[in-house]
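Heads up, the thing below is written out as structure tokens.
Because the structure is predicted, anything quoted here is derived from the model rather than measured. Below, read A as the first sequence line, B as the second, and so on, with proteins coming before strands; counting in each chain starts at 1.
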Protein chains: 2
Amino acid sequence: MLVILELFSPPRMVWTTEGICEALGYSRPTGYRYIRQLTENGLLVRVGPAGYSLGPRIVEWDFLMRHADPMLTAGLPFLRNLAVQTGCDINLVALYGDRIVTTHQEMGTEILPLSFSRGRPFPILRGASSRIIIANFPRGRLKRIYEQNESEALALGYGSNWEEFKSYLAKIKRAGYAVSRGELDAGYAGVAVPIFGPKRVIIGCIVAALTTQRLALTRTDMLVNMLQGAAKEIEVRIPAPQVPPVPRRRDTAYRNVAS
Amino acid sequence: MLVILELFSPPRMVWTTEGICEALGYSRPTGYRYIRQLTENGLLVRVGPAGYSLGPRIVEWDFLMRHADPMLTAGLPFLRNLAVQTGCDINLVALYGDRIVTTHQEMGTEILPLSFSRGRPFPILRGASSRIIIANFPRGRLKRIYEQNESEALALGYGSNWEEFKSYLAKIKRAGYAVSRGELDAGYAGVAVPIFGPKRVIIGCIVAALTTQRLALTRTDMLVNMLQGAAKEIEVRIPAPQVPPVPRRRDTAYRNVAS
DNA sequence: TATTAAATCTCATATATTGACAATAATCGT
DNA sequence: ACGATTATTGTCAATATATGAGATTTAATA
């Protein structure tokens, strides 16, 4: 039933009952039943005389998530300050399981496309955010990523084999920041520094987004310094895990959320 | 299975497998199975060694919704302008089926609580937004709302019977704006004007949020005038419905979303 | 390495889903 | 207001899937 929700993506964000049934092969009664249930749950909403779109419950959940996100709540003042001081768009990016997603956009002086805002997912190898985050992954996890993305890694300059891939990322990890140009949106660049949670586990990053022209005029070392300063401030403010008596860990890649 | 997602609300935004199973009466295998599926779908994400929270897919959907919302995309520049000119927080509020939810917050000079931001739902009778929206509902729909909320309507000053309720809202409708003080958050007030979609169907409103002290110093007539100007600008920019051959309408309360 | 807790698997039984077809509800044009 | 048409919901037998007790596997820790 949740697969209905996957239908809603650009360019088609409104679906009719008929369209949904056709696309997913449901009979009419089944289609109407599913839609009705998702509508009652607030995941869909009726728009216009015949269409449905994603519903208000999603917006409400996102609201709850923003308020419960310790990295975001701790980081807000610093992100604002960075945007004012640098004039760049400053984004907070989080690692959610194996997804890398922007969680906050603080706008600078340039008007960048709205596509950089909260909710934008990043391909695992593209952009400064993805680079700085995976550079801090454990070896085994990196290996898995490499095996699943060999040709993309080659195309993006990570190297043509595992050793080169590993060493390329080790260099980024050592440098403590990553830069990318035009990999996500033509004409735009990013400079990213990592944010670590407890036990130095990577949980996200801060990115300065700017045009490639502006990046060419920027002293990257100073910008990185400021980003890293803010990252440190965020790290010390992230509260310790509030989860009850901690059972065995199954996965070292996690992020804290306040309970 | 979706009921698991309803567990995630303040003050508890992280749940263990054990906690979920206990709270919802699932056996362990069932609980693990559900959690696994929701995690694979991105609706949950693992945080910490034992906990789960709402996942990245929600954030991504919200992103898609923001970009596809014609009222929001048309309204952004006007909301920004209003915030600059008035110094108030200017919120866009949408009617989704029978939910009233903030869809955008444009911050003014006062730092208001983050709780006013996108995703905040409003009780059907509380606040200026709810008042101006339901004031423009058809008679039958109003009657239903009244029957379900008689005591709350009385407590909030709508009147002690259907006739008074109806006439109270008719007055708001005629005035073309609504004011509320302290109904949502102590010390805060709202001034709201309606936004109409095709065929003059109510689809949302613009609200200026400010402290009650500041409201007392404000010329409400001028503020309302500016809000109404922006509402008109938004209305003429909302594109006509893009839904395919329009079948019979089932509900006059709907909102347009671009396809 | 042994122990322990977390997570997954097996499979008989219980329960839910499904869609063809029927019925009802709602809308529109006259 | 009425009849025609479309949208939506209901019925129920056939089929599919979910469920959980108990067993097994996996993963982490001391």
Salt bridge between [X] and [Y], side-chain N to carboxylate O under 4.0 Å?
X	Y	value
A:Glu60	B:Arg99	yes
B:Lys166	B:Glu163	yes
B:Arg118	B:Asp62	yes
B:Glu40	B:Arg57	no

Can you measure [X] atom [atom1] to [N] atom [atom2] for me and round it to whole angstrom units?
X	N	atom1	atom2	answer
B:Leu24	D:dG20	CG	C1'	16 Å
B:Ile20	C:dA6	CD1	P	14 Å
B:Arg36	D:dA18	CZ	C1'	16 Å
A:Ile4	C:dT17	CD1	C1'	14 Å
B:Leu38	D:dA18	CG	P	13 Å
A:Ile35	D:dA7	CD1	P	13 Å
B:Tyr26	D:dT19	OH	P	8 Å

Does [N] have its OP1 or OP2 closer than 4.0 Å to a side-chain nitrogen or oxygen of [X]?
X	N	answer
B:Thr17	C:dA6	no
B:Arg46	C:dA7	yes
A:Ser27	C:dA20	no

With nearest nucleotides of DNA chain D determined for B:Gln37 and B:Pro29 from heavy-atom distances, which residue corresponds to the more 5′ nucleotide?
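Taking each residue's closest nucleotide, the earlier one in sequence belongs to B:Gln37.
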Could you check whether the side chain of B:Arg28 and the base of D:dG22 have a donor-acceptor pair of N or O atoms closer than 3.5 Å, going by distance alone?
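Check fails, no donor-acceptor contact within cut-off.
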For the side chain of A:Arg33 and the base of D:dG10, is some donor closer than 3.5 Å to an acceptor across the two?
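There is none.
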In terms of the nearest nucleotide of DNA chain C, which residue is placed more toward the 5' end: A:Gly25 or B:Tyr32?
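In this pair, the answer is B:Tyr32.
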Which one, C:dT17, C:dA20, D:dT19, comes nearest to the side chain of B:Tyr34?
D:dT19
Nearest of D:dG20, D:dG10, C:dT18 to any side-chain atom of B:Thr30?
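Out of D:dG20, D:dG10, C:dT18, the nucleotide with an atom closest to B:Thr30's side chain is D:dG20.
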So among A:Tyr177, A:Phe122, A:Tyr158, which one has a side-chain contact (heavy atoms from CB on, under 4.5 Å) with A:Arg131?
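One option only clears the test, and that one is A:Tyr158.
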